[in-house]
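Worksheet for the structure shown next.
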Protein chains: 2
Amino acid sequence: MIKNNGRSRVTVGDVAKQAGVSTATVSRVLNKTNNVSPKTVARVQKAIDELGYVLDTAAQALSSSSNRTGNIGIIMPVINNSFLSTLLEGVNQYANTCSYNLLTFATIGQASIQDGVPLPLNENNTDGLIIFADKIDDKTLTHLYQRQFPVVLLYRLPPQGLDIPSVLIENKNGTRTLIEHLIKNCGHRRIAFMAGPAGNYDSYWREQGYCEALTACDIPIDSQLMGVGAFHDWRAKEQIEEWLEKGLDIDAIFAGDDTAAMAAIIALQQAGKRVPEDIAVVGFNNDIISKYFNPPLTTVHVPTEEIGRTAVKQLFHLINGEQTEALTPFNTELVVRQSCGCHLVNNPRWHPN
Amino acid sequence: MIKNNGRSRVTVGDVAKQAGVSTATVSRVLNKTNNVSPKTVARVQKAIDELGYVLDTAAQALSSSSNRTGNIGIIMPVINNSFLSTLLEGVNQYANTCSYNLLTFATIGQASIQDGVPLPLNENNTDGLIIFADKIDDKTLTHLYQRQFPVVLLYRLPPQGLDIPSVLIENKNGTRTLIEHLIKNCGHRRIAFMAGPAGNYDSYWREQGYCEALTACDIPIDSQLMGVGAFHDWRAKEQIEEWLEKGLDIDAIFAGDDTAAMAAIIALQQAGKRVPEDIAVVGFNNDIISKYFNPPLTTVHVPTEEIGRTAVKQLFHLINGEQTEALTPFNTELVVRQSCGCHLVNNPRWHPN
DNA sequence: TTGTACGCGTTATCAA
DNA sequence: TTGATAACGCGTACAA
């Protein structure tokens with residue numbers, strides 16, 4: 001109703017009439033096909049300008065089979081997160097460098113192709129998709145794959161049998177190093193863990209690293225100390241409050257990522273706890289602000305912007321029909337600052353619990 | 001080339017054949033028109049499932065004139081910025097609450113309808129657009145307006161004569177209050193200002209507030225103290241380095257926004273300056289992290305998430321053909337923390353310059 | 001309740 | 001170098 005109420009749409013036909021040529025010629029001018037005389041080009045461009053003609057992307061997508069939209073898309077979980085911002089920055093910059101636009105779709109719940117309903121970002125408005133995390137189910141990936149639509153996976157592996165390029169980080173060893181630092185250098189033993197969102201790939205492997213580290217140090221795994229932070233500030237806050245309420249004995253918390261770690265510290269401080277004197281908190285990702293947080297965060301560095309760029313690069317390979325890497329893993333590195341409390345060891349004011 | 005190489009696309013026709021009905025019936029099922037028997041619905045849905053049919057949004061957009069995509073779009077400057085994240089969060093959550101998806105397009109340069117080239121987000125993939133800041137020129141807005149496409153402006157006013165709803169904040173008085181705090185309560189007089197990006201609406205009015213405050217306090221305006229931070233970390237860092245190099249006498253810096261303020265503080269600290277002891281820095285926006293920055297930032301609070309929600313609300317009014325507010329202005333509030341240095345006044349260790 | 005047939009705006013094929 | 005015309009996949013009169 002709304003869309004076509006106003007001045008009716010200007011089409012190639014209108015432009016053609018105005019310029020005294022055929023629609024085919026207008027199309028040729030629009031697509032910069034060379035077989036058209038400069039004089040005609042000028043006439044058509046004048047008509048385009050006078051009429052305020054704008055190409056209809058839907059009609060274009062429908063008509064041509066080999067067609068470039070000039071856009072790539074990324075589908076990701078909610079966006080209000082320093083880590084995701086950094087990732088997006090890397091993706092967007094590299095895409096722009098290559099003369100592509102980035103379209104972003106952040107979905108809170110599951111995004112899936114079901115009952116014939118397409119994704120909001122698809123082959124009609126993008127030339128390829130970067131799919132982040134777990135928001136897209138296997139059925140959807142399979143559909144995309146079968147249609148040979150360019151897709152790169154970020155922070156997750158493809159479903160069995162689909163060779164979709166995948167860019168991810170090494171979580172397990174990074175986490176193990178982090179937890180062992182907590183145990184060996186900071187003197188913590190009651191270490192709690194906040195998982196990411198359910199089914200999250202990174203979270204799974206961080207949990208493995210956490211368990212391995214404890215086991216290697218002969219510390220029993222206590223399920224009471226395993227909660228959920230969901231890489232999310234509110235959820236992390238809730239988890240802290242639950243633990244506080246239960247009055248559990250906790251030396252340190254690995255919050256799963258920096259977002260949750262900062263939220264956890266804030267919640268702890270609001271409850272009158274000192275970090276790291278009363279309880280240590282560490283994160284994962286090394287967000288830009290983590291260094292300037294108070295206290296500065298001990299965390300695991302991840303080259304997030306580079307990961308974003310790499311994903312885009314792989315996607316362009318796919319779009320251009322070039323060779324791709326099936327798997328591009330990135331290593332991580334421990335960053336020791338103050339929130340783990342190791343600088344307090346041998347300090348008389350320091351007391352565990 | 002790529003798009004149609006694989007298994008050829010499944011269409012309504014295929015589904016119709018498989019289900020033994022006509023394309024019209026399939027379409028009716030897809031669009032949940034009621035005039036179709038339950039038995040047929042089931043048959044069609046089975047066929048959709050078996051064939052893995054997915055609706056072609058381009059064809060759909062092209063075909064019907066009154067058509068809902070279920071998406072709204074937002075066009076904004078680059079994304080890696082705590083303030084924008086917060087805004088997006090508000091927008092995305094409210095959109096999702098109303099069963100809409102949010103599509104985001106972040107453009108570094110100018111995005112314009114020119115030479116018949118459409119915006120990547122347009123009437124074919126969205127039902128309406130929130131346009132942020134200065135990235136879209138008047139010609140493009142006029143085109144959208146004439147076509148009666150739902151558009152809400154964020155942080156900017158519409159071009160003369162177009163009554164496009166606009167959601168913005170009160171910049172001038174907020175800034176004046178901030179600067180007068182710097183002068184009257186913190187004892188600063190040599191106060192530098194970092195402008196936002198060229199042509200930015202908010203920056204313009206913050207500059208007005210800055211000048212008004214100085215003038216009201218009989219402090220001359222020194223063009224040497226007026227630089228550019230562009231609401232951007234790198235640019236702010238560069239500006240600090242320029243000022244440092246010139247060896248200017250500066251008591252305090254109003255960085256334009258919190259992003260620039262934090263970057264400025266980091267640059268200052270790296271140069272061996274203490275904030276606020278050697279030089280004070282204040283921002284604007286009250287980003288979530290500003291409170292936890294070291295030192296905690298004195299800034300001006302802006303209800304960013306609510307602003308995002310309000311813009312979406314206005315857009316939905318437009319989409320639904322309801323009444324809208326031409327202008328929704330939001331007030332701001334001074335938040336005094338430590339980076340302004342007022343807690344140091346009367347402290348013997350404190351010395352200006 | 002269901003089917004037929006046309007039109008949406010563009011590109012591409014084929015002739016001129 | 002140009003023009004006429006047939007697709008592309010879907011919604012929707014209109015007819016049955």
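Every chain is numbered from 1 and lettered A, B, ... according to where its sequence line falls, protein lines coming before strand lines.
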May I ask you to say what [X] touches in the nucleic acid, namely base, sugar-phosphate or nothing, with a heavy-atom cut-off under 4.0 Å?
X	value
V21(A)	sugar-phosphate
T11(A)	sugar-phosphate
N35(B)	base

Item to complete: Heavy atoms only: give me the nearest S99(A)-R68(A) pair and the separation to one decimal.
Response: O-NH2, 3.5 Å
Discussion item. Quick check on the helix from dT1(C)-dA16(D) to dA16(C)-dT1(D): what's the angle between its two end axes, five base pairs per end, to the nearest 10°?
Written reply: 30°
Worksheet item: Quick one: are the ring centres of F105(B) and F105(A) less than 6.0 Å apart?
Response: no
Worksheet item: Using the benzene-type ring in the case of Trp, are the ring centres of F83(B) and F231(B) under 6.0 Å apart?
Response: no
Response to the item:
Side-chain atoms of Y53(A) come closest, of dT10(C), dG11(D), dG9(D), to dT10(C)
Fill in: Candidates dG3(D), dC8(C), dG11(D) - which lies nearest the side chain of Q60(B)
dG11(D)
Tell me whether the OP1 or OP2 atom of [N] has a side-chain N or O from [X] closer than 4.0 Å.
X	N	value
S22(B)	dT2(C)	no
T25(B)	dG3(C)	yes
T23(B)	dC10(D)	no

Could you go through nucleotides 13-16 of chain D and list every protein N or O atom that sits under 3.5 Å from one of its N or O atoms, giving the distance for each pair?
none

Practice prompt. Round to a whole Å and report the spacing from CD of E123(B) to P of dC8(C).
Written response: 16 Å
Worksheet item: What's the CG-P distance between L62(B) and dT12(D), to the nearest Å?
Response: 13 Å
Worksheet item: Who pairs with T40(B) by side chain to side chain contact (heavy atoms under 4.5 Å, CB included), at least two apart in sequence or on another chain?
Response: V21(B), T25(B), V36(B), S37(B), R43(B), V44(B)
Worksheet item: Under the side chain to side chain donor-acceptor pair (under 3.5 Å) criterion, do D163(B) and Y145(B) qualify, and how do the steps go?
Response: CA-CA 9 Å; D163(B) 57 328; Y145(B) 181 76; 2.3 Å; yes
Practice prompt. Answer yes or no: side-chain N or O of S63(B) and base N or O of dG7(C) forming a donor-acceptor pair under 3.5 Å.
Written response: yes
Worksheet item: Quick one: does N122(B)'s side chain have a donor or acceptor within less than 3.5 Å of a partner on P118(B)'s backbone?
Response: no
